[in-house]
Visitor: 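Dropping the structure in here first, questions after.
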There are 2 protein chains.
Amino acid sequence: MSRQQIVAGAADMLRRRGLNATSIREVAKHAGTPLGSTYHYFPGGKDQLAAEAVRLSADFVSKVLDQQLRQGPAEGVRAFFELWREVVAGNDFKAGCPVVAVAVEEADHPEALAAAADAFRAWSAQLAASLEEHGVEPQRAAQLATLVVGAAEGAVVLCRAQRGIEPLEAIATELTALLASAVRT
Amino acid sequence: MSRQQIVAGAADMLRRRGLNATSIREVAKHAGTPLGSTYHYFPGGKDQLAAEAVRLSADFVSKVLDQQLRQGPAEGVRAFFELWREVVAGNDFKAGCPVVAVAVEEADHPEALAAAADAFRAWSAQLAASLEEHGVEPQRAAQLATLVVGAAEGAVVLCRAQRGIEPLEAIATELTALLASAVRT
DNA sequence: GTCTATACGAAGATAGAC
DNA sequence: GTCTATCTTCGTATAGAC
């Protein structure tokens, strides 16, 4: 089905170019469909398309988290950072997170922005729940989960700017140690 | 002088809208100068203007850091987070960091991207140097400094998406504690 | 040196032919 | 239901009048 291809292509373009530079025209061309088709599939226009692209990416990450967190918070966090490492390094440091792309550009796209907020909240909630299950008290678990999500996203930004994977590795190392000590406590 | 106003206005627009949605036309209008003037002051076009806006913001942060770090790394980090808290909360959660804005949008703006990389490196280096002075070993100091910069930038993104200051506060709390323990060690 | 006017392309969105 | 053609607006950049 070409609808899925359009959304996936939009997510990919969001990763690289950001929201404003992702044109519906080019998304359509990349998916091999005419411009009119995108407005048939997505009558809400760019806002709807961007929102679906964000949800697609967010759900993928959530599924990986859900699976890996069964082996405990440490494994979940490791997988989370590994995901971002693959995105950044696998795209020559020219791609990042589509959720961030939507969040940092003020535009008239309320549905997409809401999807971005939901994505961050969902990831944090998954991590926090796992930490709680392993003995971290609720408030601290939420704080640590927010730190992991925020630091990972920030790390991706730093890696893109500096065209190297070092920031992500440094941040992953520090957070892995911090979480290990928090769970142990 | 209007040149400074143009750069400051560009930085402000970058914060809110991102790189691609910041048009030279509107920057000129906002500064009260005709479009042609901007190309007189900035013959390198948008790339040069964005690069100067990034450097202006980066230098401001560096100066604050330089001053506050004299009272030790804890005070420097506190001031760093306070800066971002003011930017985010003072703009109704609709503004962020112009350096991030440039870093996350792949565009043909090499000078601006280089300025963004320099900004992140400079802030990290300042923090790392202060940590070293207070007994943290070099490699660890660099790792912690990268974490602080990345986590703060990520926190700003989360705050914008969720339209609230909580992520920044949570992350600042965790990092303050982590740094205190690292310096003490 | 400052600014007006404009060239040229691409954006979001829609109307309406097939 | 699919797609072409087009409307309108805005982008970067420049030429050339004052």
Side-chain angles (χ1 to χ4, degrees), chain A residues 1-54 98 101-102 104-116, chain B residues 1-54 98 101-102 104-116:
Chain A
M1 213 235 233
S2 69
R3 203 195 129 98
Q4 280 297 324
Q5 278 188 328
I6 294 173
V7 176
D12 193 59
M13 214 167 288
L14 281 177
R15 271 185 215 288
R16 288 168 204 284
R17 311 211 209 168
L19 179 58
N20 270 284
T22 296
S23 72
I24 298 189
R25 276 183 141 81
E26 224 167 331
V27 169
K29 188 190 290 181
H30 190 268
T33 72
L35 178 61
S37 290
T38 57
Y39 283 94
H40 170 69
Y41 289 128
F42 309 95
K46 195 171 179 175
D47 187 21
Q48 183 185 356
L49 180 54
E52 295 206 20
V54 166
V102 166
V104 298
E105 295 183 49
E106 182 184 73
D108 201 24
H109 297 137
E111 191 186 338
L113 186 63
Chain B
M1 211 237 233
S2 69
R3 204 195 128 98
Q4 280 297 324
Q5 279 188 327
I6 295 173
V7 177
D12 193 59
M13 213 168 287
L14 281 177
R15 270 185 215 289
R16 288 169 205 283
R17 311 213 210 167
L19 179 58
N20 271 286
T22 296
S23 73
I24 297 190
R25 267 185 145 83
E26 225 167 331
V27 170
K29 189 188 291 180
H30 189 269
T33 72
L35 178 62
S37 290
T38 57
Y39 284 94
H40 170 69
Y41 289 128
F42 310 94
K46 193 171 180 176
D47 187 21
Q48 183 186 355
L49 180 54
E52 295 206 21
V54 166
V102 166
V104 299
E105 296 183 47
E106 183 183 72
D108 202 24
H109 298 138
E111 191 186 340
L113 186 62

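Within every chain, numbering begins at 1; the chains are lettered A, B, ... in the order of the sequence lines, protein sequences first and strands thereafter. Values below: all heavy atoms of this structure, side chains included; hydrogens, waters and symmetry mates excluded.
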Visitor: Rounding to a whole Å, what distance do you find between Leu35(B):CG and dA13(D):P?
Guide: 10 Å

Visitor: Just the rounded figure in Å: distance from C1' of dA11(C) to NZ of Lys29(A).
Guide: 13 Å

Visitor: Just N and O in the side chain of His40(B): are any of them under 4.0 Å from OP1 or OP2 of dG1(C)?
Guide: no

Visitor: Rounded off to whole Å, could you give me the CG-to-P distance for the Asp47(B) and dG11(D) pair?
Guide: 18 Å

Visitor: Examine distances only and state if a side-chain atom of Glu105(A) and a backbone atom of Asn20(A) form a donor-acceptor pair shorter than 3.5 Å.
Guide: yes

Visitor: Using only atom types and a distance under 3.5 Å, with no angle test, would you say the side chain of Lys46(B) pairs donor to acceptor with the backbone of Thr22(B)?
Guide: yes

Visitor: Could you state the CZ-P distance from Arg25(A) to dT4(D), rounded to the nearest angstrom?
Guide: 13 Å

Visitor: Using whole Å, report how far OH of Tyr41(A) lies from C1' of dA13(C).
Guide: 18 Å

Visitor: Let me know the distance between CG of Asn20(A) and P of dT12(D), rounded to the nearest Å.
Guide: 11 Å

Visitor: Between Tyr41(B) and Val7(B), is any pair of side-chain heavy atoms under 4.5 Å apart?
Guide: no

Visitor: Here's a test of your reading of the structure: between Thr22(A) and Thr33(B), which maps to the more 5' nucleotide of DNA chain C?
Guide: Thr33(B)

Visitor: dT14(D), OP1 or OP2 - any side-chain N/O from Tyr39(B) closer than 4.0 Å?
Guide: no

Visitor: Using whole Å, report how far CE of Met13(B) lies from P of dC10(D).
Guide: 14 Å

Visitor: When you compare the side chain of Val27(B) with that of Ile6(B), does any pair of heavy atoms fall below 4.5 Å?
Guide: yes

Visitor: Do any side-chain nitrogens or oxygens of Ser23(A) fall under 4.0 Å of OP1 or OP2 in dA10(C)?
Guide: no

Visitor: For dT2(C), does OP1 or OP2 lie under 4.0 Å from any side-chain N or O of Ser37(B)?
Guide: no

